[in-house]
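In what follows, a structure is listed as structure tokens, so that the remarks can point back to it.
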Number of protein chains: 2
Amino acid sequence: MTTLSEENYLKTIYHLGQQGTIAVSTNAIAEKIESKASSVTDMVKKLADKNLANYVKYQGVSLTNLGRLTAASVIRKHRLWEVFLVEKLHFSWDEVHDVAEQLEHIKSLKLVNELDAFLGFPTHDPHGDPIPDKNGNYTLSKSINILQMEVGSQGVLVHVKDSSDVFLKYLNKTNLALGDAIKIMDFEPFDGSMIIQTNSNTINISKEVAKNLYLSH
Amino acid sequence: MTTLSEENYLKTIYHLGQQGTIAVSTNAIAEKIESKASSVTDMVKKLADKNLANYVKYQGVSLTNLGRLTAASVIRKHRLWEVFLVEKLHFSWDEVHDVAEQLEHIKSLKLVNELDAFLGFPTHDPHGDPIPDKNGNYTLSKSINILQMEVGSQGVLVHVKDSSDVFLKYLNKTNLALGDAIKIMDFEPFDGSMIIQTNSNTINISKEVAKNLYLSH
DNA sequence: ATATTTTTTTAGGGGTGGCTAAAAATGAGT
DNA sequence: ACTCATTTTTAGCCACCCCTAAAAAAATAT
Ligand SMILES: [Mn+2]
Ligand SMILES: [Mn+2]
Ligand SMILES: [Mn+2]
Ligand SMILES: [Mn+2]
């Protein structure tokens, strides 16, 4: 049985290292999880003892198959709960993350499977992230970052990389939402900013913002 | 902010001591929570430090107003989640308790209030226990224990005192469910057993079972 | 190649929440 | 009132998960 803390580490390693396949440094984990490298070293040893991670001193951490499956299960729960909160309980997409961080650790196979069915087997969460199936598998939709698109081309916003409430509140303020049709009007090489047009208005977005917006092919 | 463990202690003290109003012994708490009296002493000091409990050495523990409110909030969440699991996710009443034990500790005021609304503001959980409102208040329905009823009288099963899965599975097996009309056919003074009749059949129940069945006035 | 900086691990320690065993207080029986 | 059994607390310990500071290894610069 995995603890809450172990599950958070597994998720972090999964996200940092291509589903946990490539080794990540203790420092990188510490930064993401907002702890210290020494704490990470301790935990990573425990994960290795439990056959959840591969750990070689000074050479970083990756996940075992078991670790990967466990991480995917937590991520599956996180994203299903986010859908539940938005679709059924009137949460907006910037309010769900903290609650989902708690709910993702609830242990009940029946609960997650029934929830999945109750929600109509959703494939993506409110931020456009794919929901892994029971085996931890998902097909990544072939969206592309808005910075790679040609001026004059169009697409639909299907994914935001950053799910922090501060970023999502910014998008709310500028009236950008998942599903919006977007046309690239101009790109400024000096600072990487863009001018984009939605159904409702034309706005200027910084490169920082653009990095997080993904449109359907 | 209360921890998961603190919340479980508060709930236990609340249940053992008439909403926490009368002092309960460390031993009683230890037995209910399946820990040891020495562990309870430690925790109870912490609860007193946090102004959640009144504790006088060797004289047991009761709850402060804050402690009572916190306990009621946890119980509210427990029972709302039980309703959710049964009404929306096809759980049966003997499957909900362990999952609700986990879900009751999720911290989000918006979540519990939206859940309440989503469920249509239920007043009772799947075992007939009342759901406290936001202020911790509830009206106890005036059901009576089946052992107090006259032979020949009738009532509707509205509450089961024991919510353990082993007891509920027994009721399932004998085809007894909340809402069933029940007629008392006979009472045996020797062992306190009863013969009762439902719509579907006539059954003999032991005193142990009868103690846990409450019928509407 | 060697020195310096950066990264990572180890050593030692703190808070929480549990335990056992010993000591202290309480309560009952005579 | 005093003894004995029971209840409760205290003392000391452990696992978990985090920390800071020091040591060790690795990476980088000269
Ligand atoms: Mn999230
Ligand atoms: Mn998400
Ligand atoms: Mn319950
Ligand atoms: Mn219940």
Side-chain angles (χ1 to χ4, degrees), chain A residues 1-14 16-17 20 22-63 67 70-71 74 98 101-102 104-107, chain B residues 1-14 16-17 20 22-63 67 70-71 74 98 101-102 104-107:
Chain A
M1 190 63 24
T2 48
T3 67
L4 187 148
S5 190
E6 286 167 357
E7 290 181 353
N8 284 335
Y9 275 89
L10 290 175
K11 244 190 4 169
T12 302
I13 298 167
Y14 184 96
L16 286 176
I22 66 170
V24 296
S25 74
T26 50
N27 255 352
I29 297 167
E31 190 182 346
K32 197 70 177 281
I33 226 164
E34 292 185 298
S35 68
K36 295 297 149 77
S38 56
S39 305
V40 174
T41 302
D42 284 352
M43 177 56 86
V44 144
K45 285 177 182 171
K46 190 148 57 112
L47 294 177
D49 285 348
K50 289 194 174 188
N51 191 32
L52 293 163
N54 310 115
Y55 169 59
V56 183
K57 259 191 200 180
Y58 296 105
Q59 284 175 231
V61 202
S62 61
L63 297 182
T70 307
V74 175
D98 290 350
E101 282 296 315
Q102 300 177 62
E104 71 188 5
H105 303 291
I106 303 292
K107 286 171 174 54
Chain B
M1 189 65 20
T2 48
T3 68
L4 186 146
S5 192
E6 287 166 358
E7 290 181 354
N8 284 335
Y9 275 90
L10 290 175
K11 244 189 3 167
T12 301
I13 299 166
Y14 184 96
L16 287 176
I22 65 170
V24 296
S25 74
T26 50
N27 255 354
I29 297 167
E31 189 182 346
K32 197 73 178 279
I33 225 163
E34 293 184 296
S35 68
K36 296 297 151 77
S38 56
S39 305
V40 174
T41 302
D42 284 351
M43 177 56 85
V44 145
K45 285 178 184 170
K46 190 147 58 107
L47 294 177
D49 285 347
K50 288 193 174 189
N51 191 32
L52 293 163
N54 309 116
Y55 170 59
V56 183
K57 262 191 198 181
Y58 295 103
Q59 285 174 229
V61 202
S62 60
L63 296 183
T70 307
V74 175
D98 290 351
E101 281 296 316
Q102 300 177 62
E104 71 188 4
H105 302 291
I106 302 293
K107 286 170 174 55

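Chain letters run A, B, ... following the sequence lines, proteins first and then strands; every chain starts at 1.
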So which pairs with a foot in residues 48-61 of chain B pass side chain to side chain donor-acceptor pair (under 3.5 Å), sequence neighbours left out? E6(B)-K50(B), N54(B)-S62(B)
Counting only non-hydrogen atoms, which of residues 27-36 of chain B are less than 4.0 Å from DNA chain D? N27(B)
Short of 4.0 Å, heavy atom to strand atom, which residues of residues 47-54 of chain B count as contacting DNA chain D? none
Nearest heavy-atom contact between A71(A) and L63(A) is CB-CD1, 4.2 Å
What are the two closest non-hydrogen atoms of G60(A) and A23(A), and how far apart are they? C-CB, 4.2 Å
Listed by chain and number, what are the side chain to side chain contact (heavy atoms under 4.5 Å, CB included) partners of I22(A), not counting sequence neighbours? Q18(A)
Side-chain N,O (S5(B)) to OP1/OP2 (dT16(C)) below 4.0 Å: no
Contact under 4.0 Å: Y9(A) side-chain N or O vs dC16(D) OP1/OP2: no
Check whether any side-chain heavy atom of [X] sits under 4.5 Å from a side-chain heavy atom of [Y], and report yes or no.
| X | Y | value |
| --- | --- | --- |
| L52(B) | L10(B) | yes |
| N8(B) | H105(B) | yes |
| T2(A) | T70(A) | yes |
| Y9(B) | V40(B) | yes |
| K36(A) | D42(A) | no |

Could you pull out all donor-acceptor pairs under 3.5 Å where a side-chain atom in residues 26-33 of chain A meets a protein atom, sequence neighbours excluded?
none

How many Å lie between CG on N8(A) and C1' on dC18(D), as a whole number? 14 Å
Under 3.5 Å, which protein N or O atoms sit close to an N or O of nucleotides 4-6 of chain D? Give each pair with its distance.
none

Every protein N/O lying under 3.5 Å from an N/O of nucleotides 10-13 of chain D:
unit_1  : atom_1 : unit_2 : atom_2 : d
dT10(D) : OP1    : K57(B) : NZ     : 2.7
dT10(D) : OP2    : K45(B) : NZ     : 2.5

Residue pair I106(A), I106(B): steps toward the side chain to side chain contact (heavy atoms under 4.5 Å, CB included) verdict: CA-CA 10 Å; I106(A) 303 292; I106(B) 302 293; 4.1 Å; yes
Can you name the residues that form a salt bridge (charged side-chain N to carboxylate O under 4.0 Å, His left out) with K107(B), not counting sequence neighbours? E7(B)
